[in-house]
Amino acid sequence: MARILLVDDEPMMLDLLQLFLEPHGFDCLKAESGEEALKMAEQVDLHLVILDLMMPQMDGWAVCREMRRRSADLPILMLTAMGETADIVKGLETGADDYMAKPFEEDELVARVRALLRRAGRQDVLETEGLVWERDRFRIKFHGANIRLTPKEFELLGLLMREPGRVFDRETLLGHVWGWDTETEGRTVDSHIRNLREKIRCSGFPIDRHLLTVRGVGYKWDARGD
């Protein structure tokens, strides 16, 4: 059963969300402040967070940034009365995976939750042409031989392999790997990608066919190596 953390400073909204979601098989936890939400996220294995923005003390923007800093994989759906285009853009750039404006329809909420959970299916082992990335063992292998990468190189490779074909700009890679509040510059990504390529190339894996530079944007993983 998917466990969802509902974060809103209005108890009635939390109750409504719970009423909508639990009949569909979701286990709902509730937090009435950003601070409480972050504490619960440390203590409980969550599958998704539904997050309000306009909360006193610690607002939803700050909560999202901190949650994203701690985890690149936890899906975050912002659900708020702030529905202007600028708000949506800011929410997605802060690290949210989806954004819904209040008022909302139950069916759409449930559909979006299900879509986020499908996309976030945890992949512990990724493989391309004999190159194997293993999350839990913190290990990269090519035809059985280990390749030693730094933690940041390992996370970069896993992020790219997890979504083949997706073009990641440098800012997004920085956010997922270094944290969304990092002051690290984009050229740090370039340096890590360069080192990653050199280490994997030495193993014999055709890295240059798979880890591609998208000029002026960032990088992507081509699983087929066309």
Trainee: Does Phe205 have its ring centroid less than 6.0 Å away from the ring centroid of His143?
Mentor: no
Trainee: If I take atom CG from residue Leu21 and atom CD1 from residue Ile4, how far apart are they, to the nearest 0.5 angstrom?
Mentor: 5.0 Å
Trainee: List, by chain and number, the other hydrophobic cluster members for Val167, where Ile, Leu, Val, Met, Phe, Trp and Tyr join if side-chain heavy atoms come within less than 4.5 Å, directly or indirectly.
Mentor: Val214, Val217
Trainee: Take a 6.0 Å sphere around CD of Glu105 and say whether it holds more than 12 heavy atoms from other residues, nucleotides or ligands.
Mentor: no
Trainee: Would Phe138 end up clustered with Leu196 when hydrophobic side chains under 4.5 Å apart are linked, directly or stepwise?
Mentor: yes
Trainee: Between Asp208 and Arg201, does at least one N-O distance fall below 4.0 Å, as a salt bridge requires?
Mentor: yes
Trainee: CH2 of Trp133 to CZ of Arg162: how many Å apart, nearest 0.5 Å?
Mentor: 5.0 Å
Trainee: In sequence, state the C-alpha distance, the side-chain angles, and the governing distance for Arg170 and Glu185, and then conclude on side-chain contact (heavy atoms from CB on, under 4.5 Å).
Mentor: CA-CA 9 Å; Arg170 290 168 179 81; Glu185 297 181 355; over 6 Å; no
Trainee: Is there a side-chain contact (heavy atoms from CB on, under 4.5 Å) between Leu14 and Glu32 once you walk through the steps?
Mentor: CA-CA 8 Å; Leu14 292 175; Glu32 296 185 18; 3.6 Å; yes
Trainee: Side-chain donor-acceptor contacts of residues 148-161 below 3.5 Å, not counting sequence neighbours, with atom names and distances?
Mentor:
residue : atom : partner : partner atom : Å
Thr150  : OG1  : Glu153  : N            : 3.2
Thr150  : OG1  : Glu153  : OE1          : 3.4
Glu153  : OE1  : Thr150  : N            : 2.9
Glu153  : OE1  : Lys199  : NZ           : 2.9
Glu153  : OE2  : Lys199  : NZ           : 3.4

Trainee: Rounded to the nearest 0.5 Å, how far apart are CG of Asp27 and NE2 of His47?
Mentor: 9.5 Å
Trainee: Run the side-chain contact (heavy atoms from CB on, under 4.5 Å) check on Phe20 and Phe104 step by step: do they pass?
Mentor: CA-CA 11 Å; Phe20 283 171; Phe104 58 91; 3.7 Å; yes
Trainee: Is it true that Lys39 and Glu35 have a side-chain N and a carboxylate O under 4.0 angstrom from each other?
Mentor: no
Trainee: Check whether the side chains of Tyr99 and Asp87 place a donor and an acceptor atom closer than 3.5 Å, and report yes or no.
Mentor: no
Trainee: Would you say the side chains of Trp221 and Thr128 form a donor-acceptor pair under 3.5 Å?
Mentor: yes
Trainee: Going from CG on Leu19 to CE on Met12, what distance comes out if it is rounded to the nearest 0.5 angstrom?
Mentor: 11.5 Å
Trainee: Using 30° and 60° as the class boundaries, would you call the ring planes of His192 and Trp178 parallel, tilted or perpendicular?
Mentor: perpendicular
Trainee: Any idea which heavy atoms bring Ala81 and Met54 closest together, and the distance?
Mentor: CB-CE, 3.9 Å
Trainee: For Thr213 and Arg197, run side-chain hydrogen bond (donor to acceptor under 3.5 Å, both in side chains): C-alpha distance rounded to whole Å, both residues' side-chain angles, the deciding distance at 0.1 Å, then the answer.
Mentor: CA-CA 11 Å; Thr213 300; Arg197 278 176 168 150; 3.0 Å; yes
Trainee: Which distance, rounded to the nearest 0.5 Å, do you find between the CZ of Arg112 and the CE of Met100?
Mentor: 5.0 Å
Trainee: Looking at every heavy atom in both Ala96 and Leu92, which two are closest together, and how far apart are they?
Mentor: O-CD2, 3.6 Å
Trainee: Looking only at non-hydrogen atoms, find the nearest pair between Glu127 and Val132 and report the distance.
Mentor: CG-CG2, 3.7 Å
Trainee: For residues 5-14, pull every pair meeting salt bridge (Lys or Arg N to Asp or Glu O under 4.0 Å), keeping only residues two or more places apart or in separate chains.
Mentor: Asp8-Lys102
Trainee: Who passes side-chain contact (heavy atoms from CB on, under 4.5 Å) against Lys90, sequence neighbours left out?
Mentor: Trp61, Thr94
Trainee: To the closest 0.5 Å, what do you measure between CG (Leu131) and CZ (Phe142)?
Mentor: 7.0 Å
Trainee: So, for Gly95 and Cys64, which heavy atoms are closest and what is the spacing to 0.1 Å?
Mentor: C-SG, 3.8 Å
Trainee: If a pair satisfies side-chain hydrogen bond (donor to acceptor under 3.5 Å, both in side chains) and one of its residues is in residues 11-22, list it, with sequence neighbours excluded.
Mentor: Asp15-Lys30, Gln18-Glu22, Gln18-Lys30
Trainee: Does a side-chain heavy-atom distance below 4.5 Å link Val113 with Ile50?
Mentor: yes
Trainee: Would His210 and Glu129 satisfy side-chain contact (heavy atoms from CB on, under 4.5 Å), going step by step from the backbone distance to the final call?
Mentor: CA-CA 10 Å; His210 297 280; Glu129 282 193 40; 3.1 Å; yes
Trainee: Give a yes or no on whether Glu84 atom CD has more than 12 heavy-atom contacts from other residues, nucleotides or ligands under 6.0 Å away.
Mentor: no
Trainee: Among Leu48, Leu116, Leu79, exactly one meets side chain to side chain contact (heavy atoms under 4.5 Å, CB included) together with Asp98. Which residue is that?
Mentor: Leu116
Trainee: Linking Ile, Leu, Val, Met, Phe, Trp and Tyr by side-chain heavy atoms under 4.5 Å, what else ends up with Val44?
Mentor: Leu5, Val7, Leu29, Leu38, Met40, Leu46, Val49, Leu51, Met55, Met58, Val63, Met67, Leu74, Ile76
